[in-house]
2 protein chains.
Amino acid sequence: MIPFRVAFEPGSALHEQVLYAARKAIVGGKLAAGDAFPSVRTLARELKINPNTAHKVVERLTAEGLLEVMPGIGCVVAKAAAGSRSEKKRLLDREVEALVVEARRLGLGLEELQGAVEEHWMTLGGRK
Amino acid sequence: MIPFRVAFEPGSALHEQVLYAARKAIVGGKLAAGDAFPSVRTLARELKINPNTAHKVVERLTAEGLLEVMPGIGCVVAKAAAGSRSEKKRLLDREVEALVVEARRLGLGLEELQGAVEEHWMTLGGRK
DNA sequence: ATACGTGTATTATGACGCATAGTACACCAA
DNA sequence: TTGGTGTACTATGCGTCATAATACACGTAT
């Protein structure tokens with residue numbers, strides 16, 4: 001009964017894949033702010049991974065501000081963080097540049113790239 | 001005398017960083033189609049990395065179609081590859097989704113994300 | 001109080017990738 | 001021939017990843 005699924009594939013670390021799936025679920029609205037997040041041991045059991053690996057995921061999500069820990073209780077998904085717009089853009093800088101480089105490597109145009117971005121944005125949940 | 005620079009930082013593999021820097025230079029127009037690409041041993045010497053690591057970079061760039069090997073001579077940067085638009089978009093799929101997820105995690109809006117994409121596109125070289 | 005489920009911390013181990021080092025070969029040009 | 005190209009192979013030290021097995025402080029429910 002986990003609110004997201006992970007298609008384990010080689011190429012990136014296991015905990016990175018779980019981390020991304022969880023991020024995607026939270027950001028996409030499948031888990032609303034205040035909802036309970038699966039416990040470390042539940043994650044480990046359901047996904048058939050080591051508790052240490054599952055804990056690493058929760059640790060990272062907490063550090064990113066997506067989860068809040070209730071000691072002795074568990075974790076709940078947090079509200080959207082604050083922070084200035086320019087600061088946020090700066091954090092995205094590298095990833096945006098990497099995507100642009102990759103798009104041009106494939107010979108795509110700016111309009112096509114932006115179209116793909118909008119498409120994925122809508123797929124993930126139109127609002128926001 | 002290498003047409004690009006690499007700021008070595010931890011977090012990703014060494015050859016990945018060199019690979020990305022080279023891709024960026026080619027795609028950004030710093031190296032035109034037909035220009036000679038630094039040899040494996042030159043790369044190794046200038047960047048102070050192992051020849052095997054340098055060769056891995058050239059190998060990957062060749063596999064991506066960005067370089068062409070002239071046996072016994074060296075490498076030159078290739079022309080833009082063909083391929084259908086839909087096929088290219090499919091290859092970008094994961095990276096686009098990852099960027100969208102990251103942007104929403106930071107609480108950015110679609111317009112802001114599109115703006116950042118366009119900004120980096122222009123920075124890399126307005127045309128194309 | 002007891003039992004159970006939280007997050008967290010610690011140590012250990014095997015597997016894998018990365019970067020390095022060294023050597024060797026087929027190819028082409030001056 | 002000499003020197004520079006890409007390529008292939010083996011080997012080694014290092015770090016990360018995922019696993020395993022405990023252990024502790026905390027809070028809830030019985």
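Predicted model only: the values in this text are computed from it and were never measured.
Salt-bridge annotation for A:Arg85 and B:Glu112: present, with a side-chain N of the basic residue lying under 4.0 Å from a carboxylate O of the acidic one. A salt bridge links B:Arg60 and B:Glu16; the closest N-O separation between the charged side-chain nitrogens and carboxylate oxygens is under 4.0 Å.
Around NZ of B:Lys24, the count of heavy atoms belonging to other residues, nucleotides or ligands within 6.0 Å does not exceed 12. A 6.0 Å sphere centred on NZ of B:Lys30 holds no more than 12 heavy atoms belonging to other residues, nucleotides or ligands.
In this structure, B:Asn50 atom CG and D:dA11 atom C1' are separated by 12 Å, rounded to whole Å. At whole-Å resolution of the value, CG in B:Leu61 and P in D:dG6 are 12 Å apart. Atom CZ in A:Arg60 sits about 13 Å away from atom C1' in D:dT16, given to the nearest Å. Going from atom CG of B:Leu19 over to atom P of C:dC18 covers 12 Å, rounded to whole Å. Going from atom CD of B:Glu16 over to atom P of C:dG17 covers 13 Å, rounded to whole Å. In this structure, A:Glu59 places its CD atom 11 Å from P of C:dT10, rounding to the nearest Å. One can place CD1 of B:Ile49 at 7 Å from P of C:dT20, the figure rounded to the nearest angstrom.
Taking only side-chain nitrogens and oxygens, A:Asn52 never comes nearer than 4.0 Å to OP1 or OP2 of D:dT19. Proximity of A:Ser39 to the phosphate of C:dG5: no side-chain N or O atom is located under 4.0 Å from OP1 or OP2. Between B:His55 and D:dG6 there is no side-chain polar atom (N or O) within less than 4.0 angstrom of OP1 or OP2.
Which of D:dT7, C:dG7, C:dA29 sits closest to the side chain of A:Val69 comes down to C:dG7. Minimum atom distance to the side chain of A:Ala13 is reached by D:dC17, of the listed D:dG6, C:dT8, D:dC17.
Interatomic distance, B:Phe4 CZ to B:Arg23 CZ, rounded to the nearest 0.5 Å: 11.5 Å. Here the straight-line distance linking atom CZ of A:Phe37 with atom CE of A:Met70 works out to 15.0 Å at 0.5 Å rounding. Atom CG of B:Leu113 is separated from atom CD of A:Glu118 by 10.5 Å, given to the nearest 0.5 angstrom.
Residues from residues 41-48 of chain A lying near DNA chain C, meaning a heavy-atom separation below 4.0 Å, are A:Arg41, A:Thr42 in numerical order.
Heavy-atom nearest nucleotides on DNA chain D were determined for B:Phe37 and for A:Thr53, and the one closer to the 5' end corresponds to B:Phe37. Comparing A:His15 and A:Pro71, the nucleotide of DNA chain D nearest to each residue sits closer to the 5' end for A:His15.
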